[in-house]
S.K.: 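Sharing a structure below in structure tokens format, with a few things to ask.
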Amino acid sequence: LSLDNVKNVRILDHIEFAREFGIELPDKFLIVTYHPVTLEYEQVEWQIEELLSALEYSDIPVLFTMPNSDTGSQVIREKIVGFINSHDSAFAVETLGTQGYFSAMSHASVMIGNSSSGIVEAAPFNLPVVNIGTRQQGRVRSENIIDVGYDSEEISSAIRLALSNGFRKKIEKAES
């Protein structure tokens with residue numbers, strides 16, 4: 001059903017997005033959706049700190065969507081808020097809804113995190129995805145997915161690969 005929505009939802013341009021959500025999307029930005037991994041709740045603080053370290057290193061504006069309410073989500077929220085408070089080019093929204101989320105995906109340079117939306121819905125937007133950790137383990141992957149562990153250097157390398165012209169060309173015809 002979500003792939004049907006991708007075809008049917010009208011994508012907001014940058015001006016409409018800014019009007020709707022109060023966020024002016026830069027030409028190049030990362031969209032990040034990171035949820036706690038239920039069976040790894042004791043590692044959630046380390047995991048989110050590694051991700052934020054990689055984002056710090058990338059020095060690219062970031063749009064966060066907040067995590068679900070699973071165990072460990074409060075730690076993720078607190079770390080994201082801390083990151084936003086110390087970075088003028090980082091923003092967060094609780095939720096964008098379908099139209100807003102697909103619009104953000106269509107304008108983003110790379111999606112990062114561990115959300116199923118990266119696995120299922122990003123390919124039609126030709127959006128590279130850096131999929132972190134084990135949360136989406138066992139799901140079929142499209143060629144736009146770069147699977148990595150939790151290490152900040154591994155995440156940083158994957159972001160650089162996802163931004164490269166060669167990788168973007170490789171996924172031009174990616175299918176979900």
Side-chain angles (χ1 to χ4, degrees), residues 1-9 29-55 57-58 62-80 92-106 108-164 166-176:
L1 292 176
S2 63
L3 290 177
D4 288 339
N5 282 339
V6 168
K7 294 177 185 175
N8 297 322
V9 170
F29 73 97
L30 309 173
I31 183 169
V32 177
T33 302
Y34 191 81
H35 302 293
V37 180
T38 308
L39 298 176
E40 298 172 5
Y41 66 91
E42 293 174 341
Q43 299 173 337
V44 72
E45 184 172 9
W46 169 74
Q47 291 171 355
I48 190 65
E49 286 175 352
E50 289 294 301
L51 168 56
L52 295 176
S53 176
L55 296 176
Y57 181 76
S58 76
V62 180
L63 173 61
F64 290 95
T65 60
M66 289 304 212
N68 62 26
S69 59
D70 288 350
T71 302
S73 64
Q74 192 58 36
V75 172
I76 294 172
R77 288 173 177 279
E78 290 169 3
K79 296 292 183 179
I80 289 172
V93 292
E94 192 62 39
T95 182
L96 292 168
T98 301
Q99 183 181 40
Y101 195 64
F102 287 170
S103 297
M105 288 173 70
S106 75
S109 299
V110 179
M111 175 178 263
I112 303 168
N114 62 4
S115 173
S116 61
S117 61
I119 304 296
V120 177
E121 297 145 348
F125 295 107
N126 295 320
L127 181 61
V129 175
V130 175
N131 179 61
I132 301 169
T134 60
R135 190 166 185 269
Q136 299 303 326
Q137 198 166 26
R139 296 187 84 161
V140 175
R141 304 285 199 272
S142 178
E143 58 195 333
N144 66 315
I145 309 297
I146 303 169
D147 287 307
V148 297
Y150 299 104
D151 179 73
S152 65
E153 289 182 25
E154 191 176 356
I155 297 167
S156 292
S157 285
I159 293 170
R160 285 191 302 276
L161 174 62
L163 289 167
S164 72
F167 189 79
R168 295 195 72 84
K169 184 159 181 55
K170 174 184 164 186
I171 68 166
E172 282 177 351
K173 295 187 172 131
E175 293 182 12
S176 181

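As a basis for the values below, the full set of heavy atoms in this structure was taken, side chains included, without hydrogen atoms, waters or symmetry mates.
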S.K.: What verdict does the side chain to side chain donor-acceptor pair (under 3.5 Å) test give for Gln43 and Tyr150, after you've listed the backbone C-alpha separation in whole Å, the side-chain angles of each residue and the deciding distance to 0.1 Å?
M.R.: CA-CA 10 Å; Gln43 299 173 337; Tyr150 299 104; 6.0 Å; no
S.K.: Quick one: does Trp46's side chain get under 4.5 Å of Glu40's, heavy atoms only?
M.R.: no
S.K.: Is the backbone N or O of Pro128 less than 3.5 Å from a side-chain atom of Arg168, with the two atoms forming a donor-acceptor pair by type?
M.R.: no
S.K.: Excluding sequence neighbours, so at least two apart, what forms side-chain contact (heavy atoms from CB on, under 4.5 Å) with Ala104?
M.R.: Phe17, Ile31, Leu63, Leu96
S.K.: With the side chain counted from C-beta on, respond yes when Ile119 and Val129 share a heavy-atom pair under 4.5 Å apart, and no when they do not.
M.R.: no
S.K.: Flag the pair Met66 / Thr95 as yes when at least one side-chain heavy-atom distance between them is below 4.5 Å, and no otherwise.
M.R.: no
S.K.: Under the criterion side chain to side chain contact (heavy atoms under 4.5 Å, CB included), which of Val120, Asn131, Asp147 is the partner of Gln136?
M.R.: Asn131
S.K.: What pair of heavy atoms forms the shortest contact from Glu172 to Asn126, and how long is it?
M.R.: O-OD1, 2.8 Å
S.K.: I need the Asp151 CG to Leu51 CG distance, nearest 0.5 Å.
M.R.: 12.0 Å
S.K.: Working to the nearest 0.5 angstrom, can you tell me the gap between Leu39 CG and Asp70 CG?
M.R.: 10.5 Å
S.K.: Between atom CG of Leu52 and atom CD1 of Ile76, what is the distance when rounded to the nearest 0.5 Å?
M.R.: 9.5 Å
S.K.: What heavy-atom pair brings Met111 and Gly118 nearest, and what distance separates the two atoms?
M.R.: SD-CA, 3.4 Å
S.K.: Is the side chain of Ser164 donor-acceptor paired with the backbone N or O of Phe167 at a distance under 3.5 Å, no angle test?
M.R.: yes
S.K.: How long is the straight-line distance from OG of Ser156 back to CD of Glu50, given to the nearest 0.5 Å?
M.R.: 9.5 Å
S.K.: If you compare all heavy atoms of Ile80 against all heavy atoms of Ala92, which two are closest, and at what distance to 0.1 Å?
M.R.: CG2-CB, 4.4 Å
S.K.: Within the structure provided, determine whether Gln99 and Ser103 are in side-chain contact (heavy-atom separation under 4.5 Å).
M.R.: yes
S.K.: Could you tell me which non-hydrogen atom of Asn144 sits nearest to which non-hydrogen atom of Ala123, and how far apart they are?
M.R.: ND2-N, 3.5 Å
S.K.: Who pairs with Thr33 by side-chain contact (heavy atoms from CB on, under 4.5 Å), at least two apart in sequence or on another chain?
M.R.: His35, Thr65, Tyr101, Ser115
S.K.: Which pair of non-hydrogen atoms, one from Arg135 and one from Asn114, has the smallest distance, and what is that distance?
M.R.: NH1-O, 3.1 Å
S.K.: Roughly how far, to the nearest 0.5 Å, is the CD1 atom of Ile159 from the CG atom of Leu30?
M.R.: 6.0 Å
S.K.: Taking Glu154's backbone N and O only, do any of them form a donor-acceptor pair with Ser157's side chain (distance below 3.5 Å, no angle check)?
M.R.: no
S.K.: Any donor-acceptor pair under 3.5 Å linking the side chain of Ser106 with the backbone of Phe125?
M.R.: no
S.K.: For residues Phe64 and Tyr34, establish whether the separation of their ring centroids is below 6.0 Å.
M.R.: no
S.K.: Take atom CD of Glu143 as the centre, draw a 6.0 Å sphere, and report whether it contains more than 12 heavy atoms from other residues, nucleotides or ligands.
M.R.: yes
S.K.: Taking all heavy atoms of Pro67 and all of Pro36, pick out the closest pair and write down the distance.
M.R.: CB-CD, 4.1 Å
S.K.: Return yes when atom OH of Tyr41 has more than 12 non-hydrogen atoms of other residues, nucleotides or ligands closer than 6.0 Å, and no otherwise.
M.R.: no
S.K.: Between Ser53 and Glu49, is there a donor-acceptor pair closer than 3.5 Å when you use the side chain of the first and the backbone of the second?
M.R.: no
